[in-house]
Protein chains: 2
Amino acid sequence: MTRRTRVPHEAAHPDTTPIRGVPEATVARLPLYLRALAALVDRGVDTVSSEELAESAGVNSAKLRKDLSHLGSYGTRGVGYDVNYLRRQISREVGLTQDWPVVIVGIGNLGQALANYAGFASRGFRVAALVDADPALTGKQVAGLTVQHTDDLERLVAQLSIAIGVIATPAVAAQQVCDRLVAAGVTSILNFAPTLLHVPEQVGLRKVDLSIELQILAYHEQRRSGAPLALTAEQAAELAQAVRG
Amino acid sequence: MTRRTRVPHEAAHPDTTPIRGVPEATVARLPLYLRALAALVDRGVDTVSSEELAESAGVNSAKLRKDLSHLGSYGTRGVGYDVNYLRRQISREVGLTQDWPVVIVGIGNLGQALANYAGFASRGFRVAALVDADPALTGKQVAGLTVQHTDDLERLVAQLSIAIGVIATPAVAAQQVCDRLVAAGVTSILNFAPTLLHVPEQVGLRKVDLSIELQILAYHEQRRSGAPLALTAEQAAELAQAVRG
DNA sequence: GCAACTTTGTTCCTGGGTTCACAAGACCCT
DNA sequence: AGGGTCTTGTGAACCCAGGAACAAAGTTGC
């Protein structure tokens, strides 16, 4: 299984470079492929077929091939993909070859968990600053960093050249923090607060909502376990009664 | 704004009940609507138009109306939706009217953050048990609960009638924990470990992946901030063409 | 009761994403 | 060199979601 594969190199594919049109759905899957590739590297595998890689990433193989084809023509027909080469290409495409300093705002339970999360550091993301509005927290050491006060937010963002901000504050504070981050020059925001944030057009925004995920699970769980899908006439009447007050 | 609205009740709409065909995309938005409705209740609003509700949920009003129409015909033309009534209907549809005991496995930083997360309790989810494999942790108090050892996992799931499990363990332990949860009778799993989990067909599975979200942000951030998007000769020609055009 | 107005529920259309299926290409063996 | 085998990359069909636009239905004012 360790046959030598001809590794295609940049010069050989001059006009297959990212045509700038990578679909959003594809972008969302690239990290999955990276993770699967990392696992293959650890196992010492150096060539992988779309079928195998798709299997370990949990997607359809045709979808994988199409996704990769959006990035370029990395791969050798009849053989598969060179694991290390493909990994490097995807990493570059996603932007993981550079260093991304990140500020985390809100050092509660979640903020501390995020600060300590190994998955960030391992992917080129570097927690550069921790900020909280609570004076009792500032000065405290978390994950090897000193928690700074929110008053210094703008200065920190500028001095540390931070482009990515993580919001882990209570919902009520989130929009204000968001505004300040944007004003300070942050152009990408990851929001953990359970609230809708407004940002200018050109600022990237994604949200992670823990309770929403649970609710989606509950929806399906409800109709799996014999839930009373249809209300009885009695229940309906009772409900209507309650509403009418 | 407090005019009395006629509330439609079940009996009046016998054949518009959930026909069991709510699109997945709609299900994912129902929690958003619930949140927006809760905010309206707090503000004392009791009638809302699709336009207003859509605004506060951050979606298109046509989409909102279509989503709601999948649940039934809860609204009054020319008036809008009764806030409390609609909220109850969606809550019921999602399954939030019942109590959902949840077990969290893996009481590290993230697990503790989840155990303390207020958003769970407020939505009908009740953290019923905390489990960890580390003997140093078992017996410790977290969020008002005593951490139990993994050995007792099956017993706890059975005794507490737990249907939903949250995995917050390291990646290597996740699949094993998952298997044990499923074997113990859990039918919905929320996975925070950065790994692909395999579950039987009939078990619900969702994942929250912190580093993936950051990577997606980084992708867009990279091409916003002057990324070295090397144009090929072909692309350059095309672009020049477009400019001249 | 009737006309003007408001807002829902739905129809139609468009576009993106997923999947199948296969042609194009690369390797291997004789 | 040439057939056989493998796997990629892609063309085409299908499905689902989003959005505009409108008819249906209810409300308000006279």
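Letters A, B, ... are given to chains in the order of the sequence lines, protein chains preceding strands, and every chain is numbered from 1. Keep in mind that what you see is a predicted model, and the values were worked out from it rather than measured.
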- Ignoring backbone atoms, test whether A/Ser50 places a side-chain nitrogen or oxygen under 4.0 Å from the OP1 or OP2 oxygen of D/dT8. yes

Could you tell me how far apart [X] ([atom1]) and [N] ([atom2]) are, to the nearest whole angstrom?
X       : N      : atom1 : atom2 : value
B/His70 : C/dT8  : NE2   : C1'   : 15 Å
A/Leu86 : D/dT7  : CG    : P     : 16 Å
A/Glu51 : C/dT19 : CD    : C1'   : 13 Å
B/Leu71 : C/dT8  : CG    : C1'   : 14 Å
B/Glu24 : C/dT18 : CD    : P     : 14 Å
A/Glu52 : D/dT7  : CD    : C1'   : 11 Å
A/Arg77 : C/dA26 : CZ    : P     : 7 Å
A/Tyr81 : C/dC27 : OH    : P     : 15 Å

- Task: Please list, chain by chain and in numerical order, all residues satisfying salt bridge (Lys or Arg N to Asp or Glu O under 4.0 Å) with B/Glu52, sequence neighbours excluded.
- Result: none

- Message: Taking salt bridge (Lys or Arg N to Asp or Glu O under 4.0 Å) as the definition, give me every residue that meets it alongside B/Arg180, ordered by chain and number, with sequence neighbours left out.
- Response: B/Glu154

Would you tabulate the pairs of protein nitrogen or oxygen atoms and nucleotide nitrogen or oxygen atoms of nucleotides 18-22 of chain D closer than 3.5 angstrom?
from, atom 1, to, atom 2, distance (Å)
D/dG18, OP1, B/Arg29, NH1, 3.1
D/dG18, OP2, B/Arg29, NH1, 3.4
D/dG18, OP2, B/Arg29, NH2, 3.0
D/dG19, O6, B/Lys66, NZ, 2.1

- Compare the minimum distances between each of D/dT10, D/dG26, D/dA24 and the side chain of A/Ser69, then state the nucleotide with the smallest one.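 Nearest listed nucleotide: D/dT10.
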
- Candidates C/dA26, D/dG26, D/dA17 - which lies nearest the side chain of A/Thr76: C/dA26

- Item | B/Gln175 atom CD, over 12 foreign heavy atoms within 6.0 Å |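 Counting neighbours around CD of B/Gln175, more than 12 heavy atoms of other residues, nucleotides or ligands fall under 6.0 Å, so yes.
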
Side-chain heavy atoms of [X] within contact of [Y], under 4.5 Å:
X        : Y        : value
A/Tyr219 : B/Val22  : yes
A/Ser56  : B/Leu196 : no
B/Val177 : B/Leu181 : yes

- Take B/Leu86 and B/Tyr33 through the side-chain contact (heavy atoms from CB on, under 4.5 Å) test and state the conclusion after the steps. CA-CA 10 Å; B/Leu86 182 58; B/Tyr33 303 151; over 6 Å; no

